[in-house]
Protein chains: 2
Amino acid sequence: MRQFTPSIDLLSRVLAGELRAMARLMTRAEAGEAECREALARIYENAGRAHVVGITGVPGSGKSTLVCVLAKHLRTSGHKVGIVAVDPSSPYTGGCIMGDRIRMTELVSDDGVFIRSMATRGVQGGMARATSDTVDILDAAGFDRILIETVGVGQDEVEIARASHTTLVVSAPGLGDEIQAIKAGMLEIADIHVVSKADRSDANRTLADLKSMLRLGMTADKRAAWQTPIVATSSLNGTGFTELINSLKEHKAFLATSEIGRARALQIAEFRILKTAEELLRRRFLEHRASRIASVTERLADRRLSPYAAAEELLEGTTIVAA
Amino acid sequence: MRQFTPSIDLLSRVLAGELRAMARLMTRAEAGEAECREALARIYENAGRAHVVGITGVPGSGKSTLVCVLAKHLRTSGHKVGIVAVDPSSPYTGGCIMGDRIRMTELVSDDGVFIRSMATRGVQGGMARATSDTVDILDAAGFDRILIETVGVGQDEVEIARASHTTLVVSAPGLGDEIQAIKAGMLEIADIHVVSKADRSDANRTLADLKSMLRLGMTADKRAAWQTPIVATSSLNGTGFTELINSLKEHKAFLATSEIGRARALQIAEFRILKTAEELLRRRFLEHRASRIASVTERLADRRLSPYAAAEELLEGTTIVAA
């Protein structure tokens, strides 16, 4: 009789939705432990049911608070909600958000909500891969709505938010010009636009600005397929969350019936495969080259070697045979 | 007689400080053209004189404006200044910054200032490597003060700011809690702290907050080696820039005389070598695997293959021989 490895034992507990088992497998997956790959493969087979929503926005756009309030609304509708915070500054670890109004502890003590804050440190360079593994674990454990929060600055961070079924881009009134400029670069990735802090008097101005920016960038192609809605929300008084949840449902239904849904699934899969392969390749490379790095680094620092020559020296012995 | 390649011809013009030649070589280096490697190797031999300053801060901290004002002050002291804007939202392309007060055009029309805005698009995944090549070109062309501006969010962006002789972290009054939290993660990388917008009435509060945060995080080790100064600047009225330039000089002198200077040079070299090798490895991998990706992606999307199995299939034929 074949003996089950610890991670296979862990697997059955994850599939049963045991929170501690989920957390443990996530930690091992994050660390890139080769021993848990078999379990992750089984997890992947069992995943695929959740609606994965990427939520991004510049710092100060109120996206963490939005994620909390959205999670509460989704809970009320009977969903199990996973939250994956890629943003290293996410306030989830602190326990409390939005002062006295909404306490994270309410969510934390709810078994139907699983919050995972990805520590930047452990997964240097492998954030995208680790995030995907974490989403799978939540999905396979029966969390049917998964919110991935990333800060909308930084290449990797924006890419991670894109690798989801539905991408929300959060804007807010009262941010400076520099911030608006960054936002402009994120306009095109939104499936749904959210203007948060709609209770503020200057929210209408933000809404109007966003509408005119979108009109400028709108392509005929996009108009035909999916009309990107703009939803104004207030995490303070709850405005707009019913509408936001409806927009999420509509986009989910749209993906299920349109060719774009398939294209999106392929895009997510390709992103994932490349990120995973690149990470494995980099790990192997670093493992085998660790002993050589110091000497090459020293010669580079002393300018006895040029950067490309140094890199090539490090790459010696690496062959990629044509497929 | 050996015929010079076009990039070698370009090289001599770059070394003579010809601006158009510099821009052309930067474009070719960014694109990762193998043909310009010989020129880049020669550039590297001729570089190493400039003081490279990484400037980072969250969006809204006013770092772009600070970079402009700092560049003007450095010009007044007779330096040639290179500006490398990694931040995709940098306003440099727009020509004008800070409304009517400071016009980028003043800098743009000055031959002693070279501004390079790194387009995020062209150099996906290779931003760090491309930034280093650009800095070398500026350095070899005689620009003796180089300012690298990155947005202080996102793993890669912060790493790039760290890979410099002196790292400036810019804070500003009036940013929200969410933003402050991100800043907290950047405290440890600063060689010099700048509190910008010191003309604002709430700047003293930011200064006090920063001081108490630093006291909490200060290690005995750090205290002995380098006392990280906090400089309050106002880009509006010019306050603090003389002090900032003095701090930069002091840190440069500190690096020249302390063991930390050597450690820093090695750290920069190692970062560079790894980023360059990883990029070369990834490029080769993608070139050789392009034909296989579609099929593997499809099977992954249909869950007929797990992510790690998919990645391994893509990696088949790749060998890294132990060094």
Side-chain angles (χ1 to χ4, degrees), chain A residues 37 40-41 44-45 48 58-60 64 88-89 91 120 124 127 132 151 153-157 175-176 178-179 181-182 185 265-266 269-270 272-273 276-278 280-282 284-285 288-289 291-293 296-298 300-301 303 306-311 314-315 317-323, chain B residues 37 40-41 44-45 48 58-60 64 88-89 91 120 124 127 132 151 153-157 175-176 178-179 181-182 185 265-266 269-270 272-273 276-278 280-282 284-285 288-289 291-293 296-298 300-301 303 306-311 314-315 317-323:
Chain A
R37 290 216 189 126
L40 288 176
Y44 189 72
E45 283 167 25
V58 295
S64 298
S89 72
T120 304
Q124 269 254 327
M127 188 65 92
S132 300
V151 63
V153 192
Q155 280 190 70
D156 292 350
E157 287 71 9
L175 302 176
E178 193 179 349
I179 293 181
I182 291 179
L266 288 174
E270 186 179 296
R272 180 158 194 180
I273 215 169
T276 307
E278 281 170 13
L280 291 176
L281 190 63
R282 192 177 52 236
R284 276 167 212 178
F285 169 67
H288 284 96
R289 292 298 169 269
S291 58
R292 266 197 222 166
I293 290 174
V296 183
T297 294
E298 201 142 319
L300 179 66
R303 287 172 205 268
S306 75
Y308 284 99
L314 216 57
L315 284 169
T318 304
T319 56
I320 298 177
V321 178
Chain B
R37 289 218 189 123
L40 289 175
Y44 189 72
E45 282 167 26
V58 296
S64 299
S89 72
T120 305
Q124 268 253 328
M127 187 65 91
S132 300
V151 63
V153 191
Q155 281 190 69
D156 293 350
E157 286 73 6
L175 303 175
E178 191 179 349
I179 292 181
I182 291 179
L266 288 173
E270 185 179 298
R272 179 157 195 181
I273 214 170
T276 306
E278 281 170 13
L280 291 176
L281 191 63
R282 193 176 53 236
R284 277 167 211 177
F285 169 68
H288 285 96
R289 292 297 169 270
S291 58
R292 267 197 221 165
I293 290 174
V296 183
T297 294
E298 202 144 318
L300 180 66
R303 285 172 208 271
S306 75
Y308 284 99
L314 216 57
L315 284 169
T318 305
T319 57
I320 298 177
V321 178

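Computed from heavy atoms alone, side chains included, the values below leave out hydrogens, waters and symmetry copies. A quick note: this is a predicted structure, and the numbers were derived from the prediction, not measured.
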Exercise. How far apart are the closest heavy atoms of A/Leu300 and A/Ser306, and which atoms are they?
Worked result: CD1-C, 3.7 Å
Exercise. Is chain B contacted by the side chain of A/Ile293, its backbone, both, or neither, given a heavy-atom distance below 4.5 Å?
Worked result: side chain
For this session: Drop me the distance from A/Leu266's CG to A/Ile273's CD1, to the nearest 0.5 angstrom.
Result: 10.5 Å
Exercise. Can you say whether B/Leu40 sits under 4.5 Å from chain A via the side chain, the backbone, both, or neither, judging by heavy atoms?
Worked result: side chain
Exercise. A/Ala277: what forms a side-chain contact (heavy atoms from CB on, under 4.5 Å) with it, not counting sequence neighbours?
Worked result: B/Phe285, B/Ala311, B/Leu314, B/Leu315
Exercise. Where does B/Leu281 contact chain A at under 4.5 Å (heavy atoms): side chain, backbone, both or neither?
Worked result: both
For this session: Return the minimal non-hydrogen interatomic distance between B/Pro307 and A/Tyr44, and the atom names on each side.
Result: CD-CG, 3.5 Å
For this session: Using non-hydrogen atoms and a 4.5 Å limit, figure out which bit of A/Ala309 sits close to chain B: side chain, backbone, both or neither.
Result: neither
Exercise. Chain B: which of A/Arg303, A/Glu278, A/Glu298, A/Arg272 shares the most heavy-atom pairs with it under 4.5 Å?
Worked result: A/Arg303
Problem set entry | Check: A/Arg284 and A/Leu280 side chains under 4.5 Å, non-hydrogen atoms | yes
